[in-house]
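Worksheet: one structure, shown below.
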Amino acid sequence: MSKPNKSETKRCDEAKSLPIFQHKAKLIQAVKDNVFLVVTGETGSGKTTQLPQYLYEAGLWKAGKIGVTQPRRVAAITVAQRVSHEMRCTLGKEVGYQVRFDDCTSQDTVVKYMTDGCLLREILADPRLSHYSVVILDEAHERSLNTDILLGLLKKTLLDVHKASKGRSVPLRVVVMSATLETGKLSAFLGHCPVFTIPGRTFPVTSRFGSAIGPKDVDSSSYVNEVVRVALDVHSGEMAGDILVFLTGQSEIEKACDMLYEKAENIDYRYDVQDQTVEGLLILPLYGSMPTDQQRQIFQPPPPGIRKSEAQQRAGRAGRTSAGKCFRIYTNEFWEKCMLEYTVPEIQRTSLTAVVLTLKCLGVHDVIRFPYLDRPEERLILEALKQLYQCDAIDRRGRVTQLGELMVEFPLHPGLTRALLKAASFGCEDILLPVAAMLSVENIFIRPGHPEKQKEADKKHRRLAAKAGGMNDFATLLSVFQWCKASDSPSAWCKDHWIHWRALKSAFSIETQLREILQRLQQKRDFPVETFTGKKSELFRRCLCTGYFSNVARRSVGKIFSTMDGHGTAVHVHPSSSLFEQEAELDWVIFHDMMVTSRVYLRTVCPIRYEWVKDLLPKLHEVDAYELSNIAREEVNEEELAKLESKEAKRQKEGSDEDMAKKLEKRNDEASVGDARARYLQRKLQRQQHTTTTL
DNA sequence: AGCATCCAT
């Protein structure tokens, strides 16, 4: 008897003992009978691993692939591994996965796990998803931006029966899997589709609050210490059993592991980032191997932004095999006063520029009335539309331009893509590709907590910036990329210069990916080619200006800058910038992003000359954003439209010689008129939306 | 004079 056989049998028994197994036939029927189906069940009910297998066994794959999306890469990969194991096939054959930089699928793949972003990319190439028989959106309650967009797209495409049958012999089926809390809302959104609940066996969980973290400690960043302290208390004071600890990220997990190792070498622990409901899960078996129905214990730190709904869901994990206890490290008062009920969905708190371009490229022109599960503020949509117009991705009627069709191919913020394409048109993409990649990864500069080491790191970083020419943070990023890449030992180089090697490695992969996309697009006949006539030393910054001219700021008094986006926000150069303390020498700058902490800071900054943006700046204000979303033509009457057009003509006549800053101030009044109209339209839309969902 | 979330294409 060989070991693999034994474990396979065990795994098979495990699958049959899962709560979902008893509902197999009914589930398959429910998927077959409905275009939309919501499935809910506790973590561990087996819905993620088993449902796709049931659908496979039922033969759905013959009509097209069974696709399953996950909000996170690790989840997509590890679930695919497990399912291929359970189905006894090689990963990448019948069962595969696709995440960015890692496509483990083949011609034979019929059960495909992937990130939600990957499926969105696939829809761009094949809007009808003609290779799929069923798409399962998993973890919909997490409300990731891409899952929300997929939900809206699939609703829009499939609820329209006419469209659904067009170009497809078998209608696509959509299963949305979610935690119990969100199912009513999801069902209503999807035309009141049925909800299939997999009842889970759960045992009572008693929760108790801690004493260390109260309302005054909202910013407490050292909560890991408290977690470790409570873990050790539970370890020595409570009955035997497993302990689960929820932590916010990889670095917190590492920190906790280090501390535990220092304080209690005898504890056997491992961490596991495969769990789908948390970012990191630390498992501490207390006394060697445990019986399975041991009392389970959990405690929850208050990571910045954790919500009551998430905390409650996690506490439920303690009651999966027997009664359990949940130890929270924060006080009852903290729970009452500091924690929100739910997370604001990502779609309502992020820049929508890239998403709106994707929608437009998919033929969704009226992006304001797109069916959003939770509608983002109209202001955010209009802002995205304006930015797309400004970087030539859409024309003034809101139609995607040839350039926009090229831009959507890049996994970048459209402004950055615009700068890259400008450089490519001059044949100098080599200076922009690394910058685009470096701006796509997390901060590459390490800043240790230890004061001495911090000084040392800051010094090294300043030296790098100076060596790169100084006074241009974009150029610093380019140089760091090139130096590291050219080094004999890139990882040692990073260590020496206090640079995140992991971040740089991913910047290298991203640069390669961007280069490949660019090369593919350059084969096309309509790829823009231009000749640069200015000074060679200005080429780099001129390219950046093409993409970033909506991020222009001008120094007003002292170290205070004012943004030129019409808001006139007072901003400062971030202390990490090579332009910090050089403000007196500056006049106009462009910046990559703004960060709000004690002040509004500009991060990644570069000085420019006013002449470079002079002709571009009026574009920030000359257009009516409603028209960009195709709403003006349908909603505003003829008279209003005529008024708008004459106003626009007047603006264009104003010319650009007058002092830009003064002009922008003047427009604040005009903006308030626009706002009033925006509110009116918003109300009207809400009424319409209400009618749609209650139909 | 003073810097911080995480995930994803």
Side-chain angles (χ1 to χ4, degrees), chain A residues 69-76 98-103 114-125 139 142-150 218-223 246-253 273 276-280 301-307 310 343-347 349-351 353-355 357-358 361 407-414 416-417 436-437 440-443 445-449 451 454-455 457-458 461-462 473 506 509-510 513-514 516-517 558-560 572-577 580-583 593-605:
Chain A
T69 70
Q70 295 289 329
R72 278 179 303 283
R73 291 167 57 96
V74 257
Q98 187 187 353
V99 297
R100 191 182 189 181
F101 304 126
D102 193 359
D103 183 357
M114 66 198 121
T115 48
D116 46 14
C118 277
L119 186 63
L120 202 50
R121 287 276 130 187
E122 251 184 80
I123 287 187
L124 267 172
E139 311 290 354
E142 287 193 20
R143 306 298 310 279
S144 80
L145 176 63
N146 289 332
T147 298
D148 270 17
I149 293 297
L150 285 169
V218 182
D219 297 321
S220 162
S221 53
S222 62
Y223 76 88
F246 292 91
L247 294 160
T248 40
Q250 190 73 30
S251 61
E252 278 81 10
I253 293 172
V273 287
Q276 293 155 56
T277 60
V278 292
E279 296 75 25
I306 188 178
R307 305 294 188 248
E310 294 160 339
T343 311
V344 176
E346 193 183 1
I347 200 166
R349 54 185 163 87
T350 191
S351 158
T353 316
V355 154
L357 180 59
T358 306
C361 285
M407 287 170 68
V408 77
E409 299 288 326
F410 291 89
L412 291 175
H413 185 277
L416 200 45
T417 309
S440 301
V441 299
E442 74 246 55
N443 186 15
F445 299 103
I446 298 171
R447 197 142 193 278
Q454 199 175 88
K455 261 188 200 166
D458 287 352
H461 295 159
R462 270 197 289 272
D473 297 326
S506 62
S509 326
I510 293 171
Q513 186 193 30
L514 297 177
E516 282 165 6
I517 295 168
K559 294 181 171 186
I560 304 169
H572 290 257
V573 174
H574 193 277
S576 66
S577 168
F580 185 68
E581 289 195 316
Q582 313 296 319
E583 288 92 338
D593 63 350
M594 280 197 290
M595 190 184 49
V596 188
T597 50
S598 57
R599 277 173 173 171
V600 184
Y601 285 108
L602 304 181
R603 267 193 318 193
T604 321
V605 193

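All values below come from the heavy atoms of this structure, side chains included, with hydrogens, waters and symmetry mates left out. Residue numbers start from 1 in every chain, and the chains themselves are labelled A, B, ... in the order their sequence lines are given, proteins ahead of strands.
Taking all atoms of both residues into account, the shortest heavy-atom contact from A/P448 to A/Q454 is O-NE2, 3.0 Å. Smallest separation of non-hydrogen atoms from A/I446 and A/H461: O-CE1, 3.1 Å. Annotation for A/I510 and A/S440: closest pair CD1-CB, 4.0 Å, computed over non-hydrogen atoms.
Rounded to an integer number of Å, the gap from CZ of A/R72 to P of B/dT5 is 18 Å. If you take CE of A/M594 and P of B/dA4, they are 14 Å apart, rounded to a whole angstrom. In this entry the distance linking CD1 of A/I446 with C1' of B/dA4 reads 14 Å, nearest Å. Atom P of nucleotide B/dA8 and atom CG of A/L412 are separated by 16 Å, given to the nearest angstrom. As a whole-Å value, the separation of A/H574 NE2 from B/dC3 C1' is 4 Å. Atom-to-atom, CZ of A/R462 to P of B/dG2 comes out at 15 Å; the value is rounded to the nearest Å. A/H461 places its NE2 atom 12 Å from the C1' atom of B/dC3, with the value rounded to the nearest Å. Rounded to whole angstrom, the span from the CD atom of A/E516 across to the P atom of B/dT9 amounts to 15 Å.
Within 4.0 Å of A/Y601, counting heavy atoms only, lie sugar-phosphate atoms of the nucleic acid but no base atom. Among the atoms of the strands shown, none is found under 4.0 Å from any heavy atom of A/S144.
A/T115 has its side chain out of reach of A/Q70: every pair of non-hydrogen atoms, C-beta onward, lies at least 4.5 Å apart.
Close to B/dC7, at under 4.0 Å from its OP1 or OP2, lies no side-chain N or O of A/R100.
When each of B/dC3, B/dT9, B/dA8 is scored by its nearest atom to the side-chain atoms of A/S576, the top-ranked nucleotide is B/dC3. Of the candidate nucleotides B/dC3, B/dA1, B/dT9, B/dA1 has the atom lying nearest to any side-chain atom of A/F580.
The base of B/dC3 sits within donor-acceptor range of the side chain of A/R447, with an N or O pair under 3.5 Å.
Between A/R72 and A/E139 there is no salt bridge, since no side-chain N of the basic residue sits under 4.0 Å from a carboxylate O of the acidic one.
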